[in-house]
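Quick notes on the structure that follows.
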Amino acid sequence: MKKALADAIAARGYDTLTPVQEAVTNPDLVGADMLVSAQTGSGKTLGFGLAIAPTLLGEAETFEDAALPLALVIAPTRELALQVKRELTWLYAGAGAVLASCVGGMDMRDERRALSRGAHIVVATPGRLRDHIMRGSIDLGALRAVVLDEADEMLDLGFREDLEFILGEAPEERQTLLFSATVPVAIAKLAEGYQRDAVRVSTAAAEAGQHADIEYRAMNVSPRDGENAIINVLRYYESPNAIVFCNTRAMVARMTTRLSNRGFAVVALSGELTQTERTHALQAMRDGRARVCVATDVAARGIDLPNLDLVVHAELPGSHETLLHRSGRTGRAGRKGVSVLIVPPVARKKAERILSWAKLRADWSPAPSADEVSAKDEERMMNDEAWSEPLTEREAAPVAKLTAGFTAEQIAAAYLRLYHSRHSAPEDLGDPEDKPAPRAAFGPSVWFSVSGGRAAGAEPRRLLPMLCKAGGITRDDIGAIRIGDKESYVELRKTSAAGFRESIGANMRVEDGAEVTELSQPPVIAQRPGGKSAGKPGGPEGKPHTGPKPEWKKPAPKGPPPASQMDDLPAILPRAGHSSSDSSAPASSDSNAPVQYDDAPAPRNKKPKAATAASPHRKGLKPDFTRDGAVTDAASRPRFKGKPGNYTQGATPVGKPSSKKNRARAAAKAAEGYSSKPGVGKPGGKPFAKPARKSRSAGPKSSKS
């Protein structure tokens with residue numbers, strides 16, 4: 001190891017190197033390409049800084065004057081890139097290294113000027129570095145080493161094309177190091193394409209799975225106590241620095257506001273913030289002005305806060321890799337940390353699945369209760385070092401004044417009150433196993449109308465707070481809210497109606513001059529024209545329903561009519577295909593009834609239909625076939641217009657008069673020799689066969705005769 005680097009490490013207080021640092025600084029690997037996998041917080045930044053030192057310096061102890069970059073370090077996020085630059089700055093300070101950064105969100109003109117002055121090491125994000133290359137702001141021709149930090153994250157973020165472009169611009173004769181927490185197939189392929197005989201370096205801790213310095217706890221909470229549980233967790237551990245991870249920017253904003261209102265020193269970190277805002281947020285965490293950072297997964301990689309002892313997953317991550325990287329913000333450099341998962345009942349299976357995929361073991365328990373937080377506060381108070389410190393001369397006079405003017409109990413009580421005033425009160429949590437009680441019946445009610453309806457933009461979310469404020473009631477006193485076109489209707493609990501009328505006054509008006517009127521009966525809401533109920537039973541389109549929905553009668557079941565109705569039916573005609581002498585049924589006396597011929601063939605390819613009862617909405621009469629094939633006719637049904645001759649054609653009974661078009665088609669078929677009788681086809685052809693089609697080579701079709 002170079003003397004300048006060894007002195008810098010000793011000055012920072014490092015006595016020994018971590019396993020990954022020892023592995024990459026092995027003398028046998030000097031100048032070799034390496035694919036390194038190690039747990040987050042294992043000192044990878046310092047590791048690759050030491051690994052590339054022999055390649056950059058050679059036999060020299062210090063750098064020459066800065067010109068073209070000798071080393072390039074690429075990181076996925078701006079925060080990680082700037083953090084890497086800080087680490088390498090103190091590491092190479094004794095060697096006289098000049099570092100520059102090229103990250104998105106910073107002034108590109110300043111970066112261009114810094115590159116033009118020369119730099120030994122450039123730390124960059126993929127997108128901004130590619131912009132500089134394409135603009136000619138940076139020349140990679142003198143590169144000796146390239147480091148890809150968090151390579152798996154860069155591929156997940158879609159930087160593969162940018163990385164391939166950058167590596168294609170770098171010299172082929174170089175040392176290439178890929179550092180990644182995991183080595184999926186995509187990383188292995190990238191290493192195979194852009195490294196030469198890469199050495200696979202994996203520490204024993206990386207293969208073990210679970211980080212020994214991180215304690216994982218999964219806490220069961222009820223669905224309505226998720227945010228309250230986060231407050232109690234922060235109060236229970238009282239970590240100098242804590243990160244609360246959320247999945248969306250909206251949740252970050254919500255949690256930041258909630259924690260700020262509860263007295264926590266909190267900052268937010270998400271992709272919608274500018275680089276300056278994100279830098280200030282992290283600096284506030286480092287210098288102690290803020291204790292809690294609410295962040296999206298933008299802070300899951302590379303963020304290193306010195307006193308970060310607690311990570312809270314307000315929402316479960318989408319994958320086990322994200323869980324590992326989130327939790328890796330704590331337990332760094334030998335410091336112990338806790339990773340807490342907030343798990344409502346609906347997310348229990350997902351949490352177990354993610355922990356299983358990550359090969360993690362978590363302790364399952366309820367979130368800290370208010371009593372447990374108070375007990376922890378008392379323990380911290382009694383174990384404070386201030387109790388054992390000797391009395392100073394400056395404190396002697398005020399102490400004597402306090403003991404002379406107050407009793408010991410008064411002093412202790414005042415101390416407790418002051419102690420608790422500096423901390424947010426814990427929240428009462430419900431039992432995670434308790435199911436919400438069913439909503440009780442609303443009971444007797446009174447209806448009121450409020451002037452202004454749908455046309456005036458009335459909405460339940462606006463009416464509810466307005467009526468509660470004006471009438472001195474709560475939302476539990478209000479039942480249904482219905483919005484009409486010109487008026488709105490509100491159901492009020494009968495026991496609260498008198499107080500409501502008294503609060504709004506004799507003029508019965510609320511905000512914006514809206515007039516309130518008590519109704520003697522529930523309102524009738526008009527249906528909106530063209531809405532879902534338009535044109536449906538219960539009233540013409542656009543007219544109100546005046547009563548309950550009518551009960552529609554189901555169609556009568558198929559089959560022969562009941563015996564009570566047999567006397568009203570005409571006589572059953574002989575069944576088709578049998579002589580009249582075979583049937584004992586009397587002949588019909590109705591001269592208009594269809595005639596059934598003895599020699600009529602049965603309908604082909606049709607199953608007999610069961611007789612159906614008369615339906616008032618049917619406009620025509622259709623013969624009904626009973627189970628034995630007899631044709632029946634109800635004299636009470638309306639009949640088709642026309643003469644009885646229209647009902648029959650030849651020897652085949654016809655139920656409905658055919659249209660002119662159908663009759664013309666049937667006549668044309670009959671002229672060609674077709675027949676509807678079974679077994680009879682066109683003369684000279686096969687039974688039921690259509691005329692044979694001529695081949696296309698036979699010339700034009702001949703007209704039919």
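FYI, side chains are in, hydrogens and waters are out, and symmetry mates aren't considered; it's all heavy atoms of this structure.
Distance alone, capped at 3.5 Å, places no donor-acceptor pair between the Ser496 side chain and the Asp477 backbone. The backbone N or O of Ser369 lies less than 3.5 Å from a partner atom in the side chain of Glu372, making a donor-acceptor pair. No donor-acceptor distance shorter than 3.5 angstrom exists from the side chain of Asn220 to the backbone of Trp364, with no hydrogens or angles considered. Proximity of a side-chain donor or acceptor of Glu277 to a complementary backbone N or O of Thr274 within less than 3.5 Å is detected. Between the side chain of Glu491 and the main chain of Ala480, a donor-acceptor pair closer than 3.5 Å is present. Using a distance-only test at 3.5 Å, with no hydrogens or angles considered, a donor-acceptor pair links the side chain of Gln410 to the main chain of Thr407. The backbone N or O of Glu515 sits less than 3.5 Å from a side-chain atom of Ser451, completing a donor-acceptor pair. When atom types are taken as modelled, the side chain of Arg454 and the backbone of Glu459 share no donor-acceptor pair closer than 3.5 angstrom. Ser421 places a side-chain N or O within donor-acceptor distance of the main-chain N or O of Leu418, the cut-off being under 3.5 Å. The closest donor-acceptor contact from the side chain of Asp225 to the backbone of Gly430 lies under 3.5 Å.
Shown here are the side chain to side chain contact (heavy atoms under 4.5 Å, CB included) partners of Ser101, two or more places apart in sequence or in another chain: Leu82, Lys85. When the ring-ring contact (aromatic ring centres under 6.0 Å, His included) test is applied to Phe159, no partner is found at least two apart in sequence or on another chain.
For the atom pair CG (Asp149) and CD (Gln83), the distance works out to 9.5 Å, reported to the nearest 0.5 Å. For the atom pair CG (Leu80) and CD1 (Ile74), the distance works out to 12.0 Å, reported to the nearest 0.5 Å. Atom CZ in Arg329 sits 13.5 Å away from atom CG in Asn241 (nearest 0.5 Å). Atom CG in Asp431 sits 8.5 Å away from atom OG in Ser222 (nearest 0.5 Å). The distance from the CE atom of Met285 to the CD1 atom of Ile243 is 6.0 Å, given to the nearest 0.5 Å. Within the model, atoms OG1 of Thr257 and CZ of Arg262 stand 14.0 Å from one another, a figure rounded to the nearest 0.5 Å.
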### Task
Report the C-alpha separation of Tyr415 and Trp387 in whole Å, then their side-chain angles, then the decisive distance to 0.1 Å, and conclude whether the ring-ring contact (aromatic ring centres under 6.0 Å, His included) test is met.
CA-CA 13 Å; Tyr415 177 79; Trp387 299 106; 5.7 Å; yes
### Task
Give the intermediate values and the outcome of side chain to side chain donor-acceptor pair (under 3.5 Å) for residues Arg258 and Asn228.
CA-CA 10 Å; Arg258 180 77 189 276; Asn228 293 337; 2.8 Å; yes
### Task
Evaluate side chain to side chain contact (heavy atoms under 4.5 Å, CB included) for Val338 paired with Ile214, printing each intermediate quantity in order.
CA-CA 5 Å; Val338 180; Ile214 301 178; over 6 Å; no
#### Entry: Phe264 and Leu234: CA distance, side-chain angles, deciding distance, side chain to side chain contact (heavy atoms under 4.5 Å, CB included) verdict
CA-CA 9 Å; Phe264 290 91; Leu234 294 174; 3.9 Å; yes
### Task
Kindly indicate, with the supporting measurements, whether the criterion side chain to side chain contact (heavy atoms under 4.5 Å, CB included) is fulfilled by Leu323 and Leu355.
CA-CA 8 Å; Leu323 174 63; Leu355 290 170; 3.9 Å; yes
### Task
List the steps and the verdict of side chain to side chain contact (heavy atoms under 4.5 Å, CB included) for Leu310 and Val233.
CA-CA 9 Å; Leu310 176 64; Val233 168; 4.2 Å; yes
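When side chains are defined from C-beta on, Ile354 does not count as touching Thr322, because their heavy atoms never get closer than 4.5 Å. Between Leu269 and Val294, the closest side-chain pair of non-hydrogen atoms is not below 4.5 Å. Side chains of Lys494 and Ser445 form no contact here, defined as non-hydrogen atoms less than 4.5 Å apart. Under the 4.5 Å side-chain criterion, counting only non-hydrogen atoms from C-beta, Leu282 is in contact with Arg286. Side-chain atoms of Val516 and Arg509, non-hydrogen and from C-beta on, never get closer than 4.5 Å to each other. The side-chain heavy atoms of Ser327 and His313, taken from C-beta on, include a pair separated by under 4.5 Å. Annotation: side chain of Ser449 is not in contact with side chain of Pro523 (no heavy-atom distance under 4.5 Å). Looking at Val103 and Glu111, their side chains come closer than 4.5 Å, going by heavy atoms from C-beta outward.
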Hey, can you pull the donor-acceptor pairs under 3.5 Å for the side chains in residues 246-255, sequence neighbours left out?
unit_1, atom_1, unit_2, atom_2, d
Asn247, OD1, Arg326, NH2, 2.8
Asn247, ND2, Leu316, O, 3.0
Thr248, OG1, Met251, N, 3.2
Arg254, NE, Glu227, OE2, 2.4
Arg254, NH2, Glu227, OE2, 3.2

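Residues Arg217 and Asp363 are not paired through a salt bridge, judged by the lack of any N-O separation under 4.0 Å between the basic side chain and the carboxylate. Note on Glu352 versus Arg348: salt bridge recorded, some NZ/NE/NH1/NH2 to OD/OE distance being below 4.0 Å. At a threshold of 4.0 Å, the pair Lys376-Glu238 does not count as salt-bridged, since none of the basic side-chain nitrogens sits closer than that to a carboxylate oxygen.
A donor-acceptor pair shorter than 3.5 Å cannot be found between the side chains of Asn307 and Arg291. At a cut-off of 3.5 Å, with distance as the only test, no side-chain donor of Ser374 or Asp377 sits close to an acceptor on the other residue.
Within a 6.0 Å sphere centred on CD of Glu502, heavy atoms belonging to other residues, nucleotides or ligands number 12 at most. Atom CG of Asp110 sits in a crowded spot, with more than 12 heavy atoms from other residues, nucleotides or ligands closer than 6.0 Å. Annotation: Glu518, atom CD; neighbour count of heavy atoms from other residues, nucleotides and ligands within 6.0 Å is above 12. When the shell of 6.0 Å around NZ of Lys350 is examined, it contains more than 12 heavy atoms from other residues, nucleotides or ligands.
Between Ala314 and Ile342 the shortest heavy-atom distance is O-CB, 4.2 Å. Minimum heavy-atom separation, Ile411 to Phe406: CG1-CB, 3.9 Å. Closest approach of Arg235 and Arg380 over heavy atoms only: O-NH2, 3.0 Å. Between Leu429 and Ala367, the shortest heavy-atom distance links the atoms CD1-CB, 3.7 Å. Smallest separation of non-hydrogen atoms from Ala229 and Val221: CB-CG1, 3.4 Å. In this structure, Leu273 and Ala268 approach most closely via the heavy-atom pair CD1-O, 3.3 Å.
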